[in-house]
Each structure stands twice: as C-alpha cells, then as structure tokens.
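Only heavy atoms go into these numbers, but all of them, side chains included; no hydrogens, no water, no symmetry mates.
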Amino acid sequence: MERVKNMVSEKPVVIFSKSSCCMSHSIKTLFSGFGVNASVYELDEISNPEEIEEELSRLGCSPVVPTVYIGGELIGGASQVMSLHLDRGLKPMLRKVGALWV
C-alpha cells in the first residue's frame, strides 16, 4: 500500500482512472469543471497497473476506478464523490486542501 500512499501524497486531489471508463471520465470532468488541477493516474496507460489495482482493491475500492483521494484521504468511487457533491460537501473539502479557491 506504500505505492498508492506515496502517489496520493503528491497533490491535493488524486484520481485513479482508466481512459476507457465512462465513470472515470465523468469524475474527471466534474473536478475539471470546478477548476481543480487533479493528479490523474490512468491505470491503462502506466506500467505495472496491476500492483496499484490490487492495493486499491485491498483498501475496499470496488470497482477500482475511478478512485478519488482528497487531501490524502480516500473519498471513494463515483458514487461517493457524487453523493458528497450533492450533499454540498465536495467544494468545502476541496477548498480546505487548497484545490479550489473560489
């Protein structure tokens, strides 16, 4: 789990994605629409994605993409992110970690 931990510590918002996944596209579009410059890891475009997928699975991410971390904290997949957004909790969380200024 060290590899994922190191990757999520790099930026305020980290998204694990696959370029062919429509839900990943929706989540990336949501964050981009807010003006958030998320660090996106496309698992189908990096070497040894199986290791990361296995770590995400062990953390309880099912399916493993999209998986979103904010401020180093695991938020979850598309359902959790959208629920947080609809409950008006996403933007304050993004502001808190310095990913959103407005």
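Looking at heavy atoms from C-beta onward, Glu50 lies out of side-chain contact with Leu43 at the 4.5 angstrom threshold. Looking only at side-chain heavy atoms (C-beta outward), Glu53 and Lys18 come within less than 4.5 Å of each other. When side chains are defined from C-beta on, Val4 does not count as touching Val14, because their heavy atoms never get closer than 4.5 Å. Ile52 has its side chain within reach of Phe16: a pair of non-hydrogen atoms, C-beta onward, lies under 4.5 Å apart.
Note on residues 43-79: no pairs pass ring-ring contact (aromatic ring centres under 6.0 Å, His included), not counting sequence neighbours.
Note on Glu55 versus Arg3: no salt bridge recorded, every NZ/NE/NH1/NH2 to OD/OE distance being 4.0 Å or above.
A search for salt bridge (Lys or Arg N to Asp or Glu O under 4.0 Å) contacts involving Glu54 returns Arg58, not counting sequence neighbours. Glu10 meets the side-chain hydrogen bond (donor to acceptor under 3.5 Å, both in side chains) test with Tyr41; sequence neighbours excluded. Under the side-chain hydrogen bond (donor to acceptor under 3.5 Å, both in side chains) criterion, Gln80 pairs with no residue at all, not counting sequence neighbours.
If you chain together hydrophobic residues whose side chains sit under 4.5 Å apart, Met23 and Val13 never meet in one group. Taken together through direct or relayed side-chain contacts under 4.5 Å among Ile, Leu, Val, Met, Phe, Trp and Tyr, Ile27 and Val97 form part of one hydrophobic cluster.
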Would Lys96 and Ile70 count as a side chain to side chain contact (heavy atoms under 4.5 Å, CB included) here? Give the steps.
CA-CA 10 Å; Lys96 183 178 177 183; Ile70 298 176; over 6 Å; no
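None of Ser57, Ser62, Cys61, Ser24 except one satisfies the side-chain contact (heavy atoms from CB on, under 4.5 Å) rule with Thr67; the exception is Cys61.
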Which atom pairs, one a donor and one an acceptor, fall under 3.5 Å between side chains of residues 28-39 and the rest of the protein, sequence neighbours left out?
| residue | atom | partner | partner atom | Å |
| --- | --- | --- | --- | --- |
| Lys28 | NZ | Ser17 | OG | 3.2 |
| Lys28 | NZ | Glu42 | OE2 | 2.6 |
| Thr29 | OG1 | His25 | O | 2.8 |

Which donor-acceptor pairs under 3.5 Å do side chains of residues 82-89 form with protein atoms, sequence neighbours excluded?
| residue | atom | partner | partner atom | Å |
| --- | --- | --- | --- | --- |
| Ser83 | OG | Ser79 | O | 3.0 |

